[in-house]
Amino acid sequence: MSASPDTVRPDAGQGDPLLAVEDLVVRYDTPQGVVHAVDGVSLTVGRGETLGLVGESGCGKSTLGRAILRLIEPASGRIRLDGEDLSGKSRAALRPIRRKLQMVFQDPFGSLDPRWTVGQLLAEPLHVHGIGRRSERRDRVIDLLARVGLPADAASRHPHEFSGGQRQRIGIARALALSPALVVCDEPVSALDVSVQAQILNLLDDLQRDLGVAFLFISHDLSVVEHIADRVGVMYLGRIVETAPRAVLWRRPLHPYTRALFDAVPRMEPDRPAERRTRAALTGDLPSAFAPPAGCRFHTRCPLAVERCRHEAPSLRAVGDPDHLVACHLAEPPSKTDLA
Ligand code: ADP
Ligand code: MG
């Protein structure tokens, strides 16, 4: 692993993280030009950990999640799972690794054949990977259904017969079929009612406790991430601008963009007058991903921007807490009076 500062973690002494992404770049070539969707992202996810990834729609969260699974080919950068470098591996070479890495989508069955039964949907990953005999696969399906809180007879029904929350339980069961080490959850509760969201988040928590599975949990909604993440990464226009353990970030968001995100959720406003002075609501639109601003990408919307921010891109650095990394020239550790 490189000495990149955002690979620093509290368990850094306990060997490699489960997932290490280094300087990942993903672009889309379109007739209108090149979209710089992910532009130099480094992050780690520890075993059994949940890293929440937040940011406005269009900042590159899904692209990052899909590139980690190699559903999209990155332009450059490295992805390591369990110490194994996935970059440049062929499809065939990736296959055994795929078992360790799964994905849950906002709409779990958007791309699947609606004629399949739930039992067939859950057995399919086992079948593809040649796991178990028919009867063993049937037992595994029943076990998976129980794990996600669905009755055994759900196996003979079709996804459209279930509610949104139940369908997401089926999507989670399918992702767990191969006992993965990491599941990328891309907005898994964003389409659900708030009460159902809480049930699914609780389910993910229980599954993590019982199975030790790690999650990269993507959401545009800070209040969702607050319920599930151990650590949080904040993304803006293809870059990570701040990462910290959840409690640290909620207590003291340091990047002006993160602060603006918190301000957009009034009930989460921390009551710290010293911080509020530097806060401002997020104004203006997200700049075009075809031509992201030079320097700090947030400078066009930042209430604090100075000349340096317009031409010099800030890199992530520890500010105050060694686990609290911020990509902002102006971020400073808390003063003694702030801590009082
Ligand atoms: P998020 O998940 O944070 O909403 P996305 O990863 O979906 O963001 O998108 C990041 C950027 O890439 C956006 O500017 C989006 O318009 C663009 N984008 C996403 N998918 C494609 C694609 N298939 N072709 C071209 N541009 C894309
Ligand atoms: Mg998305």
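Atoms considered below: every heavy atom in the structure, side chains included; atoms not considered: hydrogens, waters and symmetry mates. Whatever order the structure lists ligands and atoms in, that order sets their numbers, starting from 1. As the structure is a computational prediction, the values presented were derived from the model and not from experiment.
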### Query
Would Asp143 and Arg140 satisfy side chain to side chain contact (heavy atoms under 4.5 Å, CB included), going step by step from the backbone distance to the final call?
CA-CA 5 Å; Asp143 172 55; Arg140 177 71 175 145; 3.0 Å; yes
### Message
If the threshold is 4.0 Å, N to carboxylate O, is there a salt bridge linking Asp39 and Arg239?
### Response
yes
### Query
When rounded to the nearest 0.5 angstrom, what distance separates CG in Asp186 from CD1 in Ile218?
4.0 Å
#### Entry: Lys/Arg N to Asp/Glu carboxylate O, Asp85 vs Arg78, below 4.0 Å
yes
### N-O pairing of Asp323 and Arg231 below 4.0 Å
no
## Note on the structure
Residues passing the side-chain hydrogen bond (donor to acceptor under 3.5 Å, both in side chains) test with Gln102, sequence neighbours excluded, are none
## Note on the structure
So CE of Met235 and OG1 of Thr243: to nearest 0.5 Å the spacing works out to 13.0 Å
### Query
Any idea which residues sit under 4.0 Å from ligand 1, heavy-atom distances?
Tyr28, Thr30, Val35, Ala37, Glu56, Ser57, Gly58, Cys59, Gly60, Lys61, Ser62, Thr63, Ala289
#### Entry: Residues in salt bridge (Lys or Arg N to Asp or Glu O under 4.0 Å) contact with Arg174, at least two apart in sequence or another chain
Glu124
### Query
Which of these, Glu56, Arg301, Glu242, sits in a side-chain hydrogen bond (donor to acceptor under 3.5 Å, both in side chains) with Tyr257?
Glu56
### Task
Keeping waters out of it, list the protein N, O or S atoms under 2.8 Å from the Mg ion (ligand 2).
Ser62 OG
